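First comes the structure, then the notes that go with it.
Position 1 is the first residue of the sequence, and the numbers go up from there. Every value quoted in this text rests on a predicted model; they were computed, and no experiment measured them.
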Amino acid sequence: MVVDSRRIPADNEIMKFATFQLETMPVLSSPMVVVGLRGWGNALEVASEMATFMVDSLGGRAVGRMDSDACFRYDGNRPDVRIENGRLKSINCSGGGFFAVKTNHDQGDLLILVADEPSLNWQRFSRELADLALHLGARGLISLGSMFDSVLHTDRIISAFTTGDDYAEIFTRHGVLPTSYRGPSAIHTLILDACAKKGLPGASLWCHCPAYLQGIVHHGMLIQLTRVLADMLAVSLETRKLESLWKALEIQIQELIADNPKLEGIVDRIRTNKRQGVLQNMEKKEKKPADVIRLKDFFDP
């Protein structure tokens, strides 16, 4: 699809793409596009929860949705249905939504995508997302990801790869480290590649989460990511709720570690063997069942 990047769409104008639909769109001033996807690159739900937190905190307005038929295999992401007393009540397919945020300041507005990671048409989706950003006169695009790594739950490690040096000063200020990785990719890499080919500044931020925790939202990591994004996007994001949630969860984690020798051993090994580099390819590490513990198996309901 060829898009005239110089034309800013008027309010309520419908723009047509193959992999998503925008039902309405307010006039956005030099927006940043933020992408938070559920799925493979969403360890401890940091990426999707960050995007959702921003939508809720900044009063995002729903403006569009993913096209489920174009982006998902239903045999791998089966629709959720509700049937009551022999009657079909609802069908919900995998997907997600776009949310527009008017920031009311000179730094620019936001367009936030919160969705499942597509299982089909990655190249087309990535191209169209970059086309949409250019169509809106966007300043850039930021994709959010999180991975399991040999880190502690008290660590706040964020790494990034970019299309250029646009955010170098901000990354230095917050200790964001350059990504070095070789292995299977999430869709984020294709999105940034599409941005680079179209001359759109892009960055992919990756939060490093402890591999010994499962089944929780890492609010501690969300706090650090919020600070980085607030600087990159020039918006104000209140973290008091996140800090309260993390304080309560951290107490539970510490108690679990103290009472569980298996988990205590995992944490001690990480402390002892803390490496000089940042990234480890967890796919290549030997994984034992004991190395992954779901907190909900130990906490009382």
- Message: Enumerate the ring pair (Phe, Tyr, Trp, His ring centres under 6.0 Å) contacts for residues 50-85, please, sequence neighbours excluded, ordered by first and then second residue.
- Response: none
- Task: Without swapping roles, check the side chain of Arg65 against the backbone of Gly95 for a donor-acceptor pair under 3.5 Å.
- Result: no
- Message: I'd like to know if Asp193 and Lys197 make a salt bridge, using a cut-off of under 4.0 Å between side-chain N and carboxylate O.
- Response: yes
- Query: With a 4.0 Å cut-off, would you call Glu84 and Arg82 a salt bridge?
  - Reply: yes
- Restricting to pairs with a member in residues 217-234, which pass salt bridge (charged side-chain N to carboxylate O under 4.0 Å, His left out), not counting sequence neighbours? Arg173-Asp231, Arg227-Glu243
- Item | His188: partners by ring-ring contact (aromatic ring centres under 6.0 Å, His included), with sequence neighbours left out | Trp206
- Message: Run the ring-ring contact (aromatic ring centres under 6.0 Å, His included) test against His174 and tell me which residues pass, sequence neighbours left out.
- Response: none
Contacts of [X] that satisfy side chain to side chain contact (heavy atoms under 4.5 Å, CB included) - sequence neighbours left out:
X      : answer
Ile91  : Pro79, Val81, Leu88, Cys93
Ser244 : none
Thr172 : none
Glu238 : Arg240

- Query: Residues in salt bridge (Lys or Arg N to Asp or Glu O under 4.0 Å) with Asp268, at least two apart?
  - Reply: Arg271
- What residues, two or more places apart in sequence or in another chain, satisfy side-chain hydrogen bond (donor to acceptor under 3.5 Å, both in side chains) together with Lys241? none
- Task: Could you note down all residue pairs passing side chain to side chain donor-acceptor pair (under 3.5 Å) where residues 113-123 supplies at least one of them, sequence neighbours left out?
- Result: Arg38-Asp116
- Just by distance, with hydrogens left out, do Ser29 and Asp109 show a side-chain donor and acceptor under 3.5 Å apart? no
- Message: Looking only at the side chains, is there a donor atom on one of Ser143 and Ser204 sitting less than 3.5 Å from an acceptor on the other?
- Response: yes
- Residues clustered with Leu120, ILVMFWY side-chain links under 4.5 angstrom: none
